[in-house]
Amino acid sequence: MESLDLIAHNLANASTSGFKADREIYRQFVSEAGGEAVTPVVEGRWTDFTQGVPRPTGNDFDFALNGPGFFIATTPAGPAYTRDGGFHMGVDGRLLTREGYEVEVRTPDGQPFRADPLRPVDIARDGAILQDAAPLGVIRVVEFGTGGTHEKLAGNYFSFSAPRPIDAKNTTIERGRLEQSNVAPAEMAVRLVNVMRQFEMLNRAIGFGSEMNKRAIEEVARVS
């Protein structure tokens, strides 16, 4: 059932920008009686951070990341990290995610980013934001080293444990594009069919075992 839920969740997010697929970690179940491997069991899951294909959108407020970096969003629970660069400018001049969380922007004076919502904003290919040719800031992108752990949050966001994020050195921003989900629908559909077949086989095996036990009890009762 865990595999079924995981595959279904991946398929449901096959069109979600920047989504990263979950995959299973298996171990072999060993029978105590026979000492032989019986069947693989899902022990946990891991996130596939393989980069998705950038899709052109023609929207200057859409950004795809080329490399291992993440955008930073300020949520009520603290900073969260995402690969979904579908942003927009709020009525108060803040740069916001789809969910309305503020996107972290590095400003020249270190103050919170604010643009004049009544005047046009220009965004360069590297994520630099300008208004009336004056630089207002640059969209911040960070990377994480190895050895830490992460957790998937609601809304296509992640939280990361140590090590601390560092400013991106191996990631570039592509304006006017969105990174597609790295879920391969065809692969997931095949895996879904296989899991359903395995589930049906296990159900039949359980049913067969129950029937055998029932018959054994009936035979013992008849002999008595």
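In what follows, residues are counted from 1 in the order of the sequence shown. The figures that follow rest on heavy atoms only: side chains count, while hydrogens, waters and symmetry mates do not. All values derive from a computational prediction rather than experimental measurement.
- Within a 6.0 Å radius of CZ in Arg119, other residues, nucleotides and ligands contribute more than 12 heavy atoms.
- Side-chain contact between Phe19 and His9 is present, with at least one heavy-atom pair separated by less than 4.5 Å.
- Pro56 places a side-chain heavy atom less than 4.5 Å from the side chain of Arg177.
- Remark: Thr16 OG1 to Leu178 CG distance equals 11.5 Å, nearest 0.5 Å.
- Atom NZ of Lys152 sits about 12.0 Å away from atom OG of Ser159, to the nearest 0.5 Å.
- Here the CD1-CD distance, from Ile72 to Glu102, works out to 11.5 Å after rounding to the nearest 0.5 Å.
- A distance-only check finds no donor-acceptor pair linking the side chain of Ser181 to the backbone of Ser17 [under 3.5 Å].
- Here the CG atom belonging to Leu6 is positioned 9.0 Å from the CZ atom belonging to Arg23, to the nearest 0.5 angstrom.
- Hydrophobic clustering keeps Tyr81 apart from Val141 (ILVMFWY residues linked when any side-chain heavy atoms are closer than 4.5 Å, directly or through intermediates).
- Between the side chains of Asp48 and Thr50, at least one donor-acceptor pair of N or O atoms lies under 3.5 Å.
- The same ILVMFWY cluster, assembled from side-chain heavy atoms under 4.5 Å apart, contains both Leu136 and Phe63.
- A continuous path of hydrophobic side-chain contacts links Val121 to Phe113 [ILVMFWY only; heavy atoms under 4.5 Å].
- Aromatic ring pairs are classed by plane angle as parallel below 30°, tilted from 30° to 60° and perpendicular above 60°; the pair Phe49 and His150 is perpendicular.
- Glu143 contributes a side-chain N or O that, together with a main-chain N or O of Lys169, makes up a donor-acceptor pair within less than 3.5 Å.
- Using a 4.5 Å heavy-atom cutoff, the side chains of Pro117 and Val91 are not in contact.
- In this structure, CG in Asp116 is found 8.0 Å from CG in Asp132, a value given to the nearest 0.5 Å.
- Annotation: side chain of Asp167 is in contact with side chain of Arg106 (closest heavy-atom distance under 4.5 Å).
- Summarising the geometry, atom CG belonging to Leu65 is positioned 8.0 Å from atom CD belonging to Gln51; distances are rounded to the nearest 0.5 Å.
- Without hydrogens or angle criteria, Asp109 side chain to Gln111 main chain gives a donor-acceptor distance under 3.5 Å.
- In this structure, Glu151 and Leu153 have side chains that are in contact, with non-hydrogen atoms separated by less than 4.5 Å.
- Asn182 contributes a side-chain N or O that, together with a main-chain N or O of Ala21, makes up a donor-acceptor pair within less than 3.5 Å.
- Salt-bridge formation is detected for the pair Asp60/Arg175: a Lys NZ or Arg NE/NH1/NH2 atom is positioned less than 4.0 Å from an Asp or Glu carboxylate oxygen.
- Residues Met89 and Arg94 form no side-chain contact, since every pair of their non-hydrogen atoms from C-beta on lies 4.5 Å or further apart.
- Glu179 places a side-chain N or O within donor-acceptor distance of the main-chain N or O of Gly52, the cut-off being under 3.5 Å.
- Both Ile173 and Ile129 belong to a common hydrophobic cluster when Ile, Leu, Val, Met, Phe, Trp and Tyr are linked at side-chain heavy-atom distances under 4.5 angstrom.
- The aromatic rings of Phe158 and Phe70 sit perpendicular, their planes meeting at an angle over 60°, well past the 30° parallel limit.
- Shown here for Ala14 and Pro185, the closest heavy-atom pair between the two residues is CB-CG, 4.1 Å.
- At a threshold of 4.5 Å between non-hydrogen side-chain atoms, the residues Thr171 and Pro68 count as touching.
- Thr97 places a side-chain heavy atom less than 4.5 Å from the side chain of Val103.
- The two residues Phe71 and Gly85 make their nearest non-hydrogen contact at CE1-CA, 3.7 Å.
- Heavy-atom minimum distance, Asn66 versus Glu174: CB-OE2, 3.6 Å.
- A 6.0 Å sphere centred on CZ of Arg125 holds no more than 12 heavy atoms belonging to other residues, nucleotides or ligands.
- Taking every heavy atom of both residues into account, Met188 and Val183 meet most closely at CG-CG1, 3.7 Å.
- Applying the ring-ring contact (aromatic ring centres under 6.0 Å, His included) test to Tyr101 and every residue at least two apart in sequence or in another chain returns Tyr157.
- No continuous path of ILVMFWY side-chain contacts below 4.5 Å connects Leu96 to Phe61, so the two sit in separate hydrophobic clusters.
- Put simply, the side chain of Arg83 gets close to the backbone of Gly69: a donor and an acceptor are under 3.5 Å apart.
- The backbone N or O of Thr149 lies less than 3.5 Å from a partner atom in the side chain of Ser161, making a donor-acceptor pair.
- Nearest heavy atom pair, residue Asp84 against residue Arg98, reads OD2-NE, 2.8 Å.
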